[in-house]
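Below is one structure, written out as structure tokens; the observations come after it.
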Number of protein chains: 2
Amino acid sequence: MVKEIENFRDYLAQIISMDKETFDIAIKYFEAEHFARNEYFVHEGQSCNRIAYISKGLFRIYYLKEGNEINTCFCKENSITSSFNSFINHIPSTETIQALEDSVVVTLSSENLGKLFRESDIWQTISRLLTEKECLRLSERAGLLSFETALEKYKNLLKNQPELIQRVPIQYIASYIGVSRETLSRIRAKIR
Amino acid sequence: MVKEIENFRDYLAQIISMDKETFDIAIKYFEAEHFARNEYFVHEGQSCNRIAYISKGLFRIYYLKEGNEINTCFCKENSITSSFNSFINHIPSTETIQALEDSVVVTLSSENLGKLFRESDIWQTISRLLTEKECLRLSERAGLLSFETALEKYKNLLKNQPELIQRVPIQYIASYIGVSRETLSRIRAKIR
DNA sequence: CAGTTCAATTGACATATGTCACAAAATTCA
DNA sequence: TGAATTTTGTGACATATGTCAATTGAACTG
């Protein structure tokens with residue numbers, strides 16, 4: 001089935017214009033994979049040697065802090081997910097990535113990405129642009145976490161990523177915005 | 001004076017190995033600049049069309065939130081500073097960058113960076129690697145800001161960037177770790 | 001060097017948020 | 001469908017932190 005590959009093509013087309021052939025040559029390096037709900041893309045401690053374009057579904061990234069799961073990111077369809085630090089620097093991942101819904105992804109191993117780098121400069125550029133996107137996301141998140149009240153942070157999320165509240169359990173949302181489960185629950189009661 | 005250019009060369013050498021000539025060709029695009037203490041590299045609202053390698057000195061990055069300055073980053077010698085989102089996407093900066101000490105930098109305009117991209121792939125790679133570094137820094141910062149007590153955050157800073165406490169006014173440190181000036185002051189009193 | 005401004009500290013107090021315990025609701029799965 | 005499990009919501013309470021005000025200390029300036 002090639003639908004997910006086509007989705008990936010469209011996704012990249014939004015980032016950079018690219019010859020059909022350039023992409024087609026790369027297809028051999030891609031791999032379609034299915035993740036059932038609750039399955040793991042990578043576990044903390046494992047090296048994450050591939051990146052995934054999410055064609056369908058939803059993942060969360062979290063790490064453990066004193067036994068509690070801290071969610072740092074929710075990655076939905078038509079975006080990229082990976083444990084970037086692990087992927088880039090070939091070190092064990094400090095975070096776990098888990099499917100929250102049945103998901104279909106297109107993966108690319110770091111080995112194959114290396115090959116693509118050698119085959120065409122465009123992959124180097126794509127990689128840079130995607131990294132820049134990730135940077136932007138992270139700085140927005142850092143801004144959100146500092147100096148906002150729990151209420152403001154939740155409203156902010158409602159504004160920027162309203163679907164998440166429908167698709168992600170509230171307990172996960174809580175740690176994502178840096179408040180306790182109970183506090184978030186009370187905030188939600190107040191807003192209604 | 002070329003000392004700051006040589007520092008920049010050494011800095012890049014740590015990131016990627018590079019022909020002497022490749023760097024030398026690029027030198028014509030670089031510009032050495034001095035910033036006196038309290039001078040601004042970029043103001044909020046301005047477009048930040050250049051990036052700076054800091055050969056000597058210290059800068060802070062901050063934005064205004066309800067009249068208060070929120071410091072998001074301190075950039076010291078032998079590192080890069082810029083308002084990245086503005087620089088990359090050619091949009092007005094949401095943040096201000098100010099010298100905290102007399103500083104000497106090597107700047108590169110986005111226009112000239114574009115030229116370098118066309119002259120040699122290596123600048124594309126360097127750009128990606130620097131962006132990846134920035135990503136890492138940001139995700140660490142996000143981790144620090146969420147789910148740490150004020151005390152933990154301060155201790156963390158002491159551990160990871162102890163010089164900052166010597167070089168940066170405490171009030172700036174406070175907003176950097178996301179606590180009030182007064183709270184930080186009390187924490188410091190307790191630790192001693 | 002005195003005077004002024006700015007930065008850091010400290011106290012008193014209000015409050016937002018975390019924690020623990022339990023109840024209610026929703027979801028899962030046999 | 002119904003029991004079991006998980007998730008969400010509430011209450012009571014403790015506490016960390018913010019806010020406002022006053023004080024002390026340091027740094028700059030003429």
Side-chain angles (χ1 to χ4, degrees), chain A residues 35-40 58 60 62 64-71 74 96 98-102 143-158 162-192, chain B residues 36-40 58 60 62 64-71 74 96 98-102 143-158 162 164-192:
Chain A
F35 287 86
R37 185 163 119 84
N38 293 332
E39 268 192 293
Y40 295 94
L58 180 66
R60 69 170 175 136
Y62 70 93
L64 287 177
K65 181 176 173 61
E66 289 144 31
N68 299 312
E69 295 177 355
I70 311 289
N71 293 280
F74 301 103
T96 298
Q98 182 187 31
L100 291 179
E101 301 174 357
D102 284 3
L144 180 73
L145 285 174
S146 71
F147 285 101
E148 298 274 2
T149 65
L151 177 62
E152 288 305 320
K153 291 191 273 192
Y154 183 68
K155 278 205 225 164
N156 223 308
L157 188 70
L158 268 179
E163 346 78 79
L164 281 192
I165 287 135
Q166 313 303 322
R167 294 171 74 178
V168 176
I170 288 303
Q171 53 173 342
Y172 294 165
I173 300 276
S175 72
Y176 180 66
I177 64 175
V179 303
S180 72
R181 205 167 44 88
E182 295 91 334
T183 297
L184 181 55
S185 195
R186 291 190 180 99
I187 284 165
R188 283 159 55 82
K190 210 187 292 176
I191 283 180
R192 247 177 286 118
Chain B
R37 187 163 116 85
N38 293 330
E39 268 193 293
Y40 295 94
L58 181 66
R60 69 171 176 136
Y62 69 92
L64 287 177
K65 180 174 173 63
E66 288 143 31
N68 299 314
E69 294 176 355
I70 311 288
N71 294 278
F74 301 104
T96 298
Q98 181 187 32
L100 291 179
E101 301 173 358
D102 284 4
L144 180 73
L145 285 173
S146 70
F147 285 101
E148 297 276 1
T149 65
L151 177 62
E152 287 305 320
K153 291 192 274 191
Y154 182 67
K155 280 205 226 164
N156 223 308
L157 188 70
L158 268 179
L164 279 193
I165 287 133
Q166 312 305 322
R167 294 171 74 178
V168 176
I170 289 302
Q171 54 173 341
Y172 295 165
I173 300 277
S175 72
Y176 180 67
I177 63 176
V179 302
S180 71
R181 207 162 40 90
E182 295 91 334
T183 296
L184 181 55
S185 196
R186 289 189 183 100
I187 284 165
R188 282 158 56 81
K190 211 186 293 175
I191 283 181
R192 249 178 284 119

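Every value quoted in this text rests on a predicted model; they were computed, and no experiment measured them.
End-to-end axis angle of the helix from C/dC1-D/dG30 to C/dA30-D/dT1, using five pairs per end and rounding to 10°, comes to 50°.
When each of B/Val168 and A/Leu151 is assigned the nucleotide of DNA chain C with its nearest heavy atom, B/Val168 is the one assigned upstream, toward the 5' end.
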Summarise how protein sits on nucleotides 18-30 of chain C as a single string, 5' to 3': B when a protein heavy atom is under 4.0 Å from the base, S for sugar-phosphate-only contact, - for no contact.
BBB-------S--

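Taking OH from B/Tyr176 and CZ from B/Arg60, the interatomic distance works out to 14.0 Å, rounded to the nearest 0.5 Å.
Per the geometry, CD1 belonging to A/Ile177 stands 16 Å off P belonging to C/dA16, to the nearest Å. When rounded to the nearest whole Å, the span between OH of B/Tyr154 and P of C/dA8 equals 11 Å. Rounded to an integer number of Å, the gap from CD of A/Gln171 to P of D/dT6 is 11 Å. Note: CD1 (B/Ile170) to C1' (C/dT9) measures 11 Å, nearest angstrom. Remark: C1' of C/dA7 and CD1 of B/Ile165 are 17 Å apart, rounded to the nearest angstrom. One atom, CD of A/Gln166, and another, P of D/dT7, lie 18 Å apart when rounded to the nearest Å. A/Lys190 places its NZ atom 13 Å from the P atom of D/dG11, with the value rounded to the nearest Å. The distance between atom CG of A/Asn38 and atom P of D/dT5, rounded to the nearest whole Å, is 17 Å.
Remark: the backbone N or O of A/Glu163 is not paired with any side-chain donor or acceptor of A/Gln166 at under 3.5 angstrom. A distance-only check finds a donor-acceptor pair linking the side chain of A/Thr149 to the backbone of A/Glu152 [under 3.5 Å]. Side chain of B/Gln98 to main chain of B/Asn38: a donor-acceptor pair is present (N/O by atom type, distance under 3.5 Å, no hydrogens or angles).
Nearest heavy atoms, B/Phe74 versus B/Ile173: CZ-N, 4.3 Å. Between B/Val168 and B/Leu58, the shortest heavy-atom contact is CG2-CD2, 3.9 Å.
Considering only heavy atoms from C-beta on, A/Phe35 stays 4.5 Å or farther from A/Asp102 through its side chain. Side-chain contact between A/Gln171 and A/Arg181: present, with at least one pair of heavy atoms (C-beta onward) separated by less than 4.5 Å.
Partner of A/Arg188 under the side-chain contact (heavy atoms from CB on, under 4.5 Å) criterion, out of A/Ile170, A/Leu158, A/Thr183: A/Ile170 alone.
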